[in-house]
Amino acid sequence: MNMIQMMQQAQKMQKKLKEVQDELNGITVEGKSGSAVTVTLTGQSKFKSIKLQKSAINPENPDSVDDETIELLEDLITQAMNNAYSEAQNVMEAKMKAVTGGISIPGLF
């Protein structure tokens, strides 16, 4: 295989990786803990949201929990999860750049 063919194959693979990444970003998956907590992620494992039921906060007296408290907790958890994800991405990118000598390899990070 000559160099031009290898480059063409690499470009096709890069395009396919981008398509798959875009497709995964459009997919959402949910994880549940009983009926009290639901977490939603993208197909790329990026945290999207959390939904809490009143019983998750006060199982003995769920009616004592108001909707504003639930929304506040959901927002705080979502923000913390997204901050942690961003920090993990930064650490991964720094480590991968050290290995690749600063060369960006599409689909790797």
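Everything quoted here is computed from the prediction, not taken from an experiment. Only this structure's heavy atoms are used, side chains among them; waters, hydrogens and symmetry mates stay out.
Contact annotation: the side chain of Asn58 never approaches that of Asp63 to less than 4.5 Å [non-hydrogen atoms, C-beta and beyond]. Under the 4.5 Å side-chain criterion, counting only non-hydrogen atoms from C-beta, Glu68 is not in contact with Leu72. For the pair Lys51 and Val39, the minimum side-chain heavy-atom distance is 4.5 Å or more. Ile57 has its side chain within reach of Ile70: a pair of non-hydrogen atoms, C-beta onward, lies under 4.5 Å apart. Between Gln79 and Asp75, every side-chain heavy-atom pair lies at or beyond the 4.5 Å cut-off.
For the atom pair Ile50 CD1 and Ile77 CD1, the distance stands at 4.0 Å (nearest 0.5 Å). Annotation: the span from Gln44 atom CD to Tyr85 atom OH amounts to 6.5 Å, rounded to 0.5 Å. In this structure, the separation between CE on Met3 and CD on Gln8 is 12.5 Å, given to the nearest 0.5 Å. To the nearest 0.5 angstrom, Lys46 atom NZ is 14.0 Å from Met81 atom CE.
With respect to Asp67 and Lys54, a salt bridge is recorded, a charged nitrogen being found less than 4.0 Å from a carboxylate O.
Not one N or O on the side chain of Glu74 forms a donor-acceptor pair closer than 3.5 Å with the backbone of Ser49. In this structure, Gln5 contributes its side chain and Asn2 its backbone to a donor-acceptor pair below 3.5 Å. Here the side chain of Ser86 pairs no donor or acceptor atom with the backbone of Asn83 at under 3.5 angstrom.
Residues Phe47 and Thr78 approach most closely at CE2-CA, 3.4 Å, considering heavy atoms.
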Extract all donor-acceptor atom pairs below 3.5 Å that involve side chains of residues 22-34 and protein atoms in other chains or at least two apart in sequence.
| from | atom 1 | to | atom 2 | distance (Å) |
| --- | --- | --- | --- | --- |
| Asp22 | OD1 | Lys18 | NZ | 2.9 |
| Asp22 | OD2 | Lys18 | NZ | 3.3 |

